[in-house]
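In what follows, a single structure is set out as structure tokens and then discussed.
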Amino acid sequence: MDKESVRALLLRSGAVAAGFAAASSVGEEVIADMEEWVRGGNNAGMDYLARHTQLKKDPGNTLPGVCTVISLAFSFNPSAERDSSLPVIASYALGDDYHDVLRKRLAPIVESLRLDMGGDWRICIDSAPIAERYWAVRAGIGYIGRNGMVIVEPYGSRVFLAEVLTTIPFPPDKPASGNCCGCGRCVEVCPGNALSPDGKVDCRRCLSYLTIEHRGEWLPEMMETMHTPAGKTTLFGCDRCVSVCPHNLTSPPSRIEEFALRESYSMLTASRAASLKREEFAPLFRGSAIKRTKYDGFLRNALNLSIPEGGASEKLTQQ
């Protein structure tokens with residue numbers, strides 16, 4: 001089976017882009033940049049990012065004998081969002097958990113390729129130590145924007161990345177050469193000033209990190225972000241830098257039905273979130289990325305909310 005046939009099969013999973021890159025060691029300057037970012041404490045409490053840095057240097061650490069990295073992008077751009085009067089939930093979490101959705105969609109295709117072509121194959125979705133953005137650029141499916149996200153034209157940056165590693169060699173695609181328009185709106189709108197002009201994120205000030213990944217109570221220095229108008233109206237994640245990006249203004253909605261807005265989320269008000277009982281948490285968020293916060297983190301976020309009579313949108317316009 002040739003490369004284009006493999007690409008066509010993988011696109012049937014719902015991916016909007018699929019690109020091929022020859023597996024090799026990641027450039028030393030890329031790894032050095034990651035290490036400097038970690039040394040600066042920008043990974044906050046995500047210790048695994050420090051542990052994975054050297055593993056990301058070579059995809060062979062994830063699949064021995066790998067010859068090809070196939071980079072895939074899946075749009076999650078919602079066709080409908082929560083009412084602006086409700087506390088903010090990041091658009092990627094409005095439907096089912098992408099880890100489960102993408103693996104379920106890719107697994108039968110990759111298994112059929114393994115049976116047909118032989119070799120070893122591995123699906124990587126977010127958790128494997130792979131330099132995802134680096135390989136997306138190398139495989140030609142997108143370029144990195146000022147907010148650090150991969151922009152896949154014409155779908156913008158509301159995309160999930162996944163990789164399929166294989167020991168089968170395929171001719172590589174041309175690396176991406178596009179450029180972010182450089183308007184700087186993402187940097188300007190960031191509630192905690194977590195974004196630097198070069199696209200690096202200080203997670204200690206990032207509203208997305210603070211409402212999803214951070215465990216326990218927020219440290220005093222984190223409260224500066226959580227007490228901003230945006231922090232006081234956010235329940236899970238942050239879409240500010242994504243929402244203002246010109247590359248996302250005309251992106252088409254996702255065709256993946258599992259990413260559509262869950263009906264139950266349309267009624268999740270600030271008061272409902274703050275009164276949610278522990279035994280209600282798991283059933284409500286079963287199969288959702290929101291379960292990442294755990295109940296204690298979710299309740300912490302909910303109790304921080306302060307939604308005025310005019311709704312959450314009134315606060316957001318002040319950013």
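E163 and R122 are not joined by a salt bridge, as no carboxylate oxygen comes within less than 4.0 angstrom of a charged side-chain nitrogen. Salt-bridge check for D97 with R292: failed, with every basic side-chain N at 4.0 Å or more from each acidic carboxylate O. Ion pairing between a basic and an acidic side chain is recognised when a charged N comes within 4.0 Å of a carboxylate O; D198 and K200 show such pairing. The pair R272-E280 meets the salt-bridge criterion, since a charged nitrogen lies less than 4.0 angstrom from a carboxylate oxygen. A salt bridge does not link E258 to K104: none of the charged side-chain nitrogens sits closer than 4.0 Å to a carboxylate oxygen.
Atom CG of residue D83 and atom OG1 of residue T269 lie 11.5 Å apart, to the nearest 0.5 angstrom. Note that SG of C245 is 12.0 Å distant from CG of D239, once rounded to the nearest 0.5 Å. Distance check: K277 NZ to L299 CG gives 10.0 Å after rounding to the nearest 0.5 Å. For the atom pair CH2 (W121) and CG (L106), the distance works out to 11.5 Å, reported to the nearest 0.5 Å. For the atom pair CG of L86 and CG of L268, the computed distance is 7.5 Å after rounding to the nearest 0.5 Å. The line from CE of M222 to CD of E217 is 11.5 Å long, rounded to the nearest 0.5 Å.
When all heavy atoms are compared, the tightest approach of N147 to V201 is O-CG2, 4.4 Å. Nearest heavy-atom pair across M226 and N304 is O-ND2, 3.2 Å. Residues S243 and L249 come closest through the heavy atom pair O-CD2, 4.1 Å. Minimum heavy-atom separation, F236 to A289: CZ-O, 3.6 Å. Across every non-hydrogen atom of N77 and S251, the tightest pair is ND2-O, 3.0 Å. Closest non-hydrogen pair, A23 versus P59, comes out as CB-CG, 4.1 Å.
Cluster partners of Y143, using a side-chain heavy-atom cutoff of under 4.5 Å among ILVMFWY residues and allowing indirect links, are I151.
In this structure, the side chain of T228 does not engage the main chain of E224 through any donor-acceptor pair within 3.5 Å. Judged by distance alone, the side chain of K232 and the main-chain N or O of P229 form no donor-acceptor pair under 3.5 Å. For the pair T166 (side chain) and D120 (backbone), a donor-acceptor distance under 3.5 Å is present. In this structure a side-chain-to-backbone donor-acceptor pair under 3.5 Å is missing from D100 to G287. In this structure a side-chain-to-backbone donor-acceptor pair under 3.5 Å is missing from D173 to G19. Judged purely by atom type and a 3.5 angstrom limit, K57 has no side-chain atom pairing as donor or acceptor with the backbone of I31. The main-chain N or O of R205 is found under 3.5 Å from a side-chain atom of T225 such that the two form a donor-acceptor pair. The backbone N or O of A139 sits nowhere less than 3.5 Å from a side-chain atom of S71 that would complete a donor-acceptor pair. Panel note: side chain S13, backbone R105; no donor-acceptor pair is recorded below 3.5 Å. Panel note: side chain W218, backbone R215; no donor-acceptor pair is recorded below 3.5 Å.
No side-chain heavy atom of R204 sits less than 4.5 Å from a side-chain heavy atom of H214. Side-chain contact between R82 and P87 is present, with at least one heavy-atom pair separated by less than 4.5 Å. Side-chain contact between R158 and P78: present, with at least one pair of heavy atoms (C-beta onward) separated by less than 4.5 Å. Contact annotation: the side chain of C238 never approaches that of T211 to less than 4.5 Å [non-hydrogen atoms, C-beta and beyond]. The side-chain heavy atoms of R255 and S75, taken from C-beta on, include no pair separated by under 4.5 Å. When side chains are defined from C-beta on, L49 counts as touching W37, because their heavy atoms get closer than 4.5 Å. A 4.5 Å side-chain heavy-atom check between L113 and V6 finds at least one atom pair inside the cut-off. At a threshold of 4.5 Å between non-hydrogen side-chain atoms, the residues L165 and I130 count as touching.
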TODO: Mind running side-chain hydrogen bond (donor to acceptor under 3.5 Å, both in side chains) on N248 and S157 for me, showing each step along the way?
DONE: CA-CA 7 Å; N248 291 329; S157 61; 3.0 Å; yes
- [ ] Decide yes or no on side-chain contact (heavy atoms from CB on, under 4.5 Å) for C203 and N42, but give the supporting numbers first.
- [x] CA-CA 5 Å; C203 293; N42 296 290; 5.8 Å; no
- [ ] Check the pair I89 / E81 against side-chain contact (heavy atoms from CB on, under 4.5 Å), numbers first and verdict last.
- [x] CA-CA 9 Å; I89 294 176; E81 300 197 45; over 6 Å; no
Task: From CA spacing to verdict: side-chain contact (heavy atoms from CB on, under 4.5 Å), Y134, I144 - done: CA-CA 9 Å; Y134 171 86; I144 298 176; over 6 Å; no
Open item on the list: Before you tell me yes or no, could you show the steps for I141 and V159 under side-chain contact (heavy atoms from CB on, under 4.5 Å), namely the whole-Å CA-CA distance, both residues' side-chain angles and the distance that decides it to 0.1 Å?
Closed with: CA-CA 11 Å; I141 69 170; V159 294; over 6 Å; no
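Both I168 and I70 are part of a single hydrophobic cluster, where members link through side-chain heavy atoms under 4.5 Å apart. Residues L210 and Y48 share a hydrophobic cluster, clusters being chains of Ile/Leu/Val/Met/Phe/Trp/Tyr side chains in contact below 4.5 Å. Follow the hydrophobic side-chain contacts under 4.5 Å out from L9 and you reach I256 in the same cluster. Taking hydrophobic clusters as Ile, Leu, Val, Met, Phe, Trp and Tyr residues chained together by side-chain heavy-atom distances below 4.5 Å, I123 shares a cluster with Y98. Cluster annotation: I212 is connected to L276 through the hydrophobic network of ILVMFWY side chains, with a link wherever side-chain heavy atoms come within less than 4.5 Å.
The environment of R103 atom CZ is dense: over 12 non-hydrogen atoms of other residues, nucleotides or ligands sit within 6.0 angstrom. Counted within 6.0 Å of CD on E36, heavy atoms from surrounding residues, nucleotides or ligands total 12 or fewer; the atom is thus considered open. In the displayed structure, E279 atom CD is contacted under 6.0 Å by more than 12 heavy atoms of other residues, nucleotides or ligands. Remark: E213 CD is packed, more than 12 non-hydrogen atoms of other residues, nucleotides or ligands lying under 6.0 Å away. For E257, the CD atom sits in a loose shell: 12 or fewer heavy atoms of surrounding residues, nucleotides or ligands are nearer than 6.0 Å. Within a 6.0 Å sphere centred on CZ of R138, heavy atoms belonging to other residues, nucleotides or ligands number 12 at most.
Residues Y92 and F74 keep their aromatic ring centres 6.0 Å or farther apart. Between F76 and F259, the distance from one ring center to the other does not fall under 6.0 angstrom.
In this structure, the salt bridge (charged side-chain N to carboxylate O under 4.0 Å, His left out) partners of E4, at least two apart in sequence or on a different chain, are R7. Applying the side chain to side chain contact (heavy atoms under 4.5 Å, CB included) test to V244 and every residue at least two apart in sequence or in another chain returns R185, V189.
Ring geometry for Y295 versus F281: interplanar angle over 60°, hence perpendicular rather than tilted (30 to 60°).
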